[in-house]
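Labels below follow one simple rule: chain letters A, B, ... track the order of the sequence lines, proteins then strands, and each chain is numbered from 1.
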Amino acid sequence: MSMSLIAAQLLNGLQLGILLFLMSAGLTLVMGIMNFANLAHGSLYMIGAYIAAALHAMTGSFVVSAILAVAGTLVVGYLLERLLLSRLYGVEDLYQVLATFGLILVFNQTVKIIWGQAPVFMSTPEFLSGTVTLFGLSYPSYRFAIIVAGLLVGLGLYLAINRTRVGMWIRAGASDREMIAALGVNIRLVNTLVFAIGAALAGFAGVMAGPILSIQPGMGEPILVLVLVVIVTGGIGSIRGAFYGALVVGIVDTIGRAFLPAIMRALLDPEIARGAGPAVASILIYVFMATVLALKPNGLFPAKYR
Amino acid sequence: MRKIISTVVVGLSLGATTGPAATQEPIKIGYIGDFTGVAGALAEDQYEGFNLFLEQHDGKLGGFPVRVIREDSQWKPEVATQLVEKLIEKDQVPIITGITGSNIMMAVHRPITERKVFLISSGAGPSPVAGKGCSPYAFYTARQANQISEVVGRYANGKYNNVMILAANYQAGKDVAAGFKRTFEGTIVEENYTALTQPDFSAEIAQIQVTAPDAVFVFFPPALGINFTRQYHQAGLNATIPLLTTGFLDDQSLPSLKDAAVGVHVGEFWMSSVDTPASKALLDAFKKKFNRMPANYVAAGYDSAVLLDAAIRRVNGDVANQEAFRAALKEGSEGTTRGKLRFNNNNFPIQSMYVFAAEKDGGDYRMKTVETFPDQQDSYHQECPLP
Amino acid sequence: MSLLEVKGLVKRFGGLLATDNLDLTIKPGELHAIIGPNGAGKTTLISQLSGTLRPTEGSILLEGRDITRWPVHRRAALGLARSYQITSVFTEFTVIENVMLAVQARSGSSFSFWTNVHSDAALVEPARDILRQVGLLDVADVPVARIAHGGRRQLEIAMSLAMAPRLLLLDEPMAGMSHSESKEMVTLLRRLKGQYGILLVEHDMSAVFALADRITVLVYGKPIACGRPEEIRKDKAVRAAYLGEEEIAA
Amino acid sequence: MNTNMLSRMRLSNCVALVLIAAFAVAPLVAHGIGQPFYIVLISRIMIFAIAAIGVNLALGYVGMVSLGHALYIGIGAYAVAISLHSGLANGWAHLLIALAAGGVIAVPIGLVCLRTSGFGFVMITLAFSQMFFYLAVGLRQYGGDEGMPLPSRSAFFPLDAANATTFYYMAFFVLMLVLLLLHRLIHARFGMVIRGCKLNEARMRALGFSTLRHKLVAYVISAEICVLAGVLLANLTRFATPSYLEWIMSGDLVVMTVLGGAGTLIGPLVGATVWVVLEELLASFYIDLPWNLSEFIRSNWTAVLGIVIIVVTLTLKKGLYGFLVARDGGVR
């Protein structure tokens, strides 16, 4: 197990973590401020990927299609919040979960009607299709681009939330819902804003994942589960928690997949290890989450003051 | 609760039913596919193949009108067993066909065959039902799941010494890996399994680079396999470590994979380059109807209809005579996309297996036959007690 | 022996000192009132006594037993009953069900899975007795959602009584009440006084001075005076604190 | 007002009685119209209803939203499958083994999960069921992800479980038993405590209740009800598969419960019935409608189902049966 492999795998974990962070940042705020559990967040990721793929095939320009896809998901998120989800704010969270579960079914079927059942593909942008040699291993430039773009967005988000007036409202809302009303802020506006931005970030994650993954109906659900893991381990409503949570989940998952089977083979009978290795690797993040929650029930970086 | 099941005379308007044959009750055929769920695209392919033959033959098999009752198992075994009950008890079908996933096959195999209803699988062929669990009432028109990788192992012999195996951690993944290991005589330097839902393989690709084998054999469910192939290409490894695979790269996925697939070798039982009259007919009809290339599940679905056509003709429509119909099915059929379909003692086909390679021909991409292995039998037929 | 003895209680929230080295005793049957301007730390004190907040320093003794680190439900089981500033009854239950729940908490096992509580005489009889005491018997079977605010406050007291308490912690029982409702509450508290030790936090000064045996005045978490009502009335520091507040309020 | 209330009271109770009566006579009707297949379909509905009732105890009465109860269905199913596989055919023994295994697993998991609340609880229950899901996938000798066919149904001497009608009435009996248990439980001392916990847990502690212990017991009972459903499900389908443990299954159970009305006795039964029947109806929708609508619905039935869910949550906020109960004014 060479150092270069470990370094490469850390980079892979970082890249997964960045994607997860883009997905988690918006949802954790929606859950923290509006106390709203939106399961359809994964669908926005899917929609972002589909729009980008369609536009890329049409225009041939990655940058243009990425911008339009992010704008598109922002609009979808805005409409979704205004037309449907805002009607569910007062309702018991269970019914929110149910309604957004219904939404998942509708969205999945809608993209199936538009783009078909078979996966759609988005090609890697020309200027990022090469590889970089790093630690003696070749690494796709595109994955670097994901890391850089994700970190930039994360930085932008950090500045927006810590340095602007709207950001202050958002922080206030996440730590204390009553406080934001006391500040005389239009809470409806903040809700819509947070929801639309969250949607756009999920859409952006979808765009970035497009060239790596096959784009197909239901692609949002597996990642949604990971995102929810990130959010509860990080602490609901906390951007900082989402950031560290995403990186930790990304790295734990990747490192586990990469090294656990080999470690188990060294320790156990090879036949048993071959069966147990991947199983243990796939439950690693769940074990991680269960441990965190058992020790710190409010997550690693709880946003609310208790 | 009362459900109105109207007849679906496939692909045909009233015209066909007003002929002389209309006086006879159509033969009922239950069709179970995993239309909703991860295998949805495969299930559609399989059904389209079956449907295409029926359309070409005025909704008749063996000259007799049939009524197909199409059901969606949703990739849920408990739903599939429920559908079997419904098809057998309520609709009283003598034949059930389709079946996409191995887990669905395992759930429905016994409930169907125990009642002496005929099961014609045009998809799944897991090892338990090929060996000890075989049944005289179950027939398979695709392949036994291990066969497609056994042929890759044979192909790799002498070409590569050290091969690394990477597969999704599910039964089909383990079966396919076992098939490769059974026939490959070189060294397996590393064997790695990934979670079935994992869509990104960056960690595994880094591992491959460090291990640096002569070649890699991989197997994943279709969408994941395509992900892997693209990511492997993005890491620039196609040029250095050849990729051997099976199951997901075909005429249908090649147009979207393009350069990412060039040079990849695939073991399969059928692709459109297989040279038979039925293949050509299927290719033309399918392209005309859907404006895309057919995948092997289309061929397996089509061949299941060809088989039923021949067998129903042999018993002159009397499918209720189970012994006669069983014998008629066992005889196999001429005119499938793979030529003559012959059955082994376990009712799996004895057939040619192929290794294909994706190549670029000018601006065009196509799958080329690299090597043919005739008369292949699956590895479990000796465990099957049937004669 | 004192019923409740609080020694050197300190509670800090970050840099903020919410309870500042507080000593307090309550004798059996005594009604001890806590008054003080807004933000004096009255509710914080009650929360520390009932166990929802952990004190930073100091100790709390109930009948000589150190309960400083006990969880809420154990303190409650020992006879420490709290009524809440914001009414905190179970609105989906009927009035009597609320009280029965409190009776049940004191009556040992709740791991009975079969017998309907309404046919459980060990719950119904004591609950009816208490409802009679607080004057809610005629609305016993009405869901709480349908009774008025004053009634709910009375129900709070009833639930506290049902716990067979030794010490009642009453957090502004008259808040939000109409004049006539307040009068009823004063009558009720006067009746209870002497049977239980009571710690009363209240803004209604006429009620406090009419009822209390002793009064402690809190300002910024610090007790500035403690004594009988007439002593407090005369106390200079108290007048300063209250006049100061009124100036700001005006 | 009182007479009005009484006449309304009858509505939700009437619906409940009619539904139960319908389940009681369904096999006779099915035989009567010569469609015994429906016996199997309704058996499946009842089994899901039993599981949903289990989920409802945690979700509707204690307010613990668990996305992991499929785990206990899986335990029930695998207890039967593994016992049969190793030659033990006695169904009563299967039942004991399943319940014992369920208890041994539910107690520690419940203890850990109950440290969290709200969405944390949802996710930690999901995490545990995913762990067991992957464990089942890894159980190669018991079929791995492809699942494991059972050689026969469990032998519940002297009953003949292999007979569809007998099996139906066994499931019906269990359903009635579970309903009766729950009806007694929620109105008993224990039920008052757990319902109090749902409404205001802090207040319950201030009254002197150790809420953790009560919630844990409620969690374990609700898990064991799902174990029962699992034992029945494995016997109905004669199959045990990891997909019984998938989070989708837990999700379906929550949907059924909420659709019917969480926190009502009959709600989960209504929800399970409506859900399975809708699935059946939409997935093979052969009613003639203009503009090829029938074909459209059949191939997009999941979207139609999604729309139905959204409409129900927007309009009948307490669920189908919960709506009736609320009209009648009370928790009954």
Side-chain angles (χ1 to χ4, degrees), chain B residues 1-8 31 35-37 40 44 69-92 101-111 113-114 124 126-129 133 145 168-175 193 195-197, chain D residues 22 26 29-30 33-45 47-48 73 77 134 137-138 140 143-152 164 233-234 236-244 246 248-249 252 273 276-277 279-288 294 298-302:
Chain B
M1 179 96 26
R2 171 159 300 223
K3 190 179 320 187
I4 302 169
I5 298 277
S6 78
T7 61
V8 187
Y31 192 102
F35 298 105
T36 311
E44 290 292 348
I69 302 164
R70 177 190 193 259
E71 298 287 357
D72 181 0
S73 75
Q74 308 171 36
W75 192 255
K76 291 180 181 169
E78 81 275 13
V79 174
T81 51
Q82 172 90 62
L83 292 175
V84 167
E85 292 300 322
K86 199 196 103 176
L87 289 170
I88 296 179
E89 295 293 331
K90 180 160 176 287
D91 302 318
Q92 305 195 322
S102 298
N103 56 339
I104 302 297
M105 171 59 89
M106 294 306 292
V108 302
H109 182 265
R110 210 187 309 230
T113 55
E114 262 179 3
S127 52
V129 296
N169 184 33
Y170 68 137
Q171 209 57 38
K174 288 172 189 156
D175 282 353
Y193 294 89
L196 190 52
T197 47
Chain D
V29 176
I33 60 168
Q35 291 293 6
F37 149 74
Y38 284 119
I39 296 174
V40 180
L41 175 71
I42 305 173
S43 302
R44 185 163 144 244
I45 291 178
I47 292 169
F48 280 133
I73 293 187
Y134 283 110
V137 167
R140 183 117 207 233
D145 65 296
E146 284 179 359
M148 181 174 159
L150 310 189
S152 64
L233 186 63
L236 176 76
T237 59
R238 281 180 56 194
F239 199 62
T241 156
S243 75
Y244 293 168
E246 245 180 319
I248 301 279
M249 175 71 95
D252 282 351
T273 310
V276 175
V277 169
E279 244 183 31
E280 278 285 311
L281 269 182
L282 293 175
S284 39
F285 194 80
Y286 287 109
I287 298 169
D288 282 324
S294 170
R298 213 177 324 135
S299 43
N300 298 298
W301 65 273
T302 48

How many angstroms lie between atom CG of D:Leu233 and atom OG1 of B:Thr81, to the nearest 0.5 angstrom? 8.0 Å

Going through the checks in order, is the side chain to side chain contact (heavy atoms under 4.5 Å, CB included) test met by D:Leu41 and B:Lys90? CA-CA 11 Å; D:Leu41 175 71; B:Lys90 180 160 176 287; over 6 Å; no

With a 4.5 angstrom heavy-atom cut-off, could you sort out which part of B:Thr36 is near chain D: side chain, backbone, both or neither? side chain

Which region of D:Leu150, side chain (C-beta onward) or backbone (N, CA, C, O), has a non-hydrogen atom less than 4.5 Å from a non-hydrogen atom of chain B, or is it both or neither? backbone

What part of B:Tyr170 gets closer than 4.5 Å to chain D, counting heavy atoms only: side chain, backbone, both or neither? both

Below 4.5 Å, heavy-atom pairs only: which of D:Gly147, D:Ala164, D:Pro149 has the largest tally toward chain B? D:Pro149

Steps toward side chain to side chain contact (heavy atoms under 4.5 Å, CB included) verdict (D:Arg44, B:Val79): CA-CA 9 Å; D:Arg44 185 163 144 244; B:Val79 174; 3.6 Å; yes

Measuring from atom CD of B:Glu78 to atom CD1 of D:Ile73, what distance do you get when rounded to the nearest 0.5 angstrom? 9.0 Å

Separation of B:Lys76 NZ from D:Thr237 OG1 (nearest 0.5 Å): 13.5 Å

D:Tyr38 vs B:Glu89 side-chain heavy atoms within contact, under 4.5 Å: no

Toward chain B, the part of D:Glu279 with a non-hydrogen atom under 4.5 Å: side chain

Which of B:His109, B:Met105, B:Gln74, B:Glu114 touches chain D most, by non-hydrogen pairs under 4.5 Å: B:Gln74

Which atoms of D:Met249 are under 4.5 Å from chain B, going by heavy atoms: the side chain, the backbone, both sets, or neither? side chain

Atom CD in D:Gln35, atom CG in B:Asp91: separation rounded to 0.5 Å? 8.0 Å

Pairwise side-chain contact, B:Gln82 with D:Phe37, heavy-atom cut-off 4.5 Å (strictly under): yes

Non-hydrogen atoms of B:Pro126 and D:Glu146 that approach each other most closely: CB-OE1, 3.8 Å

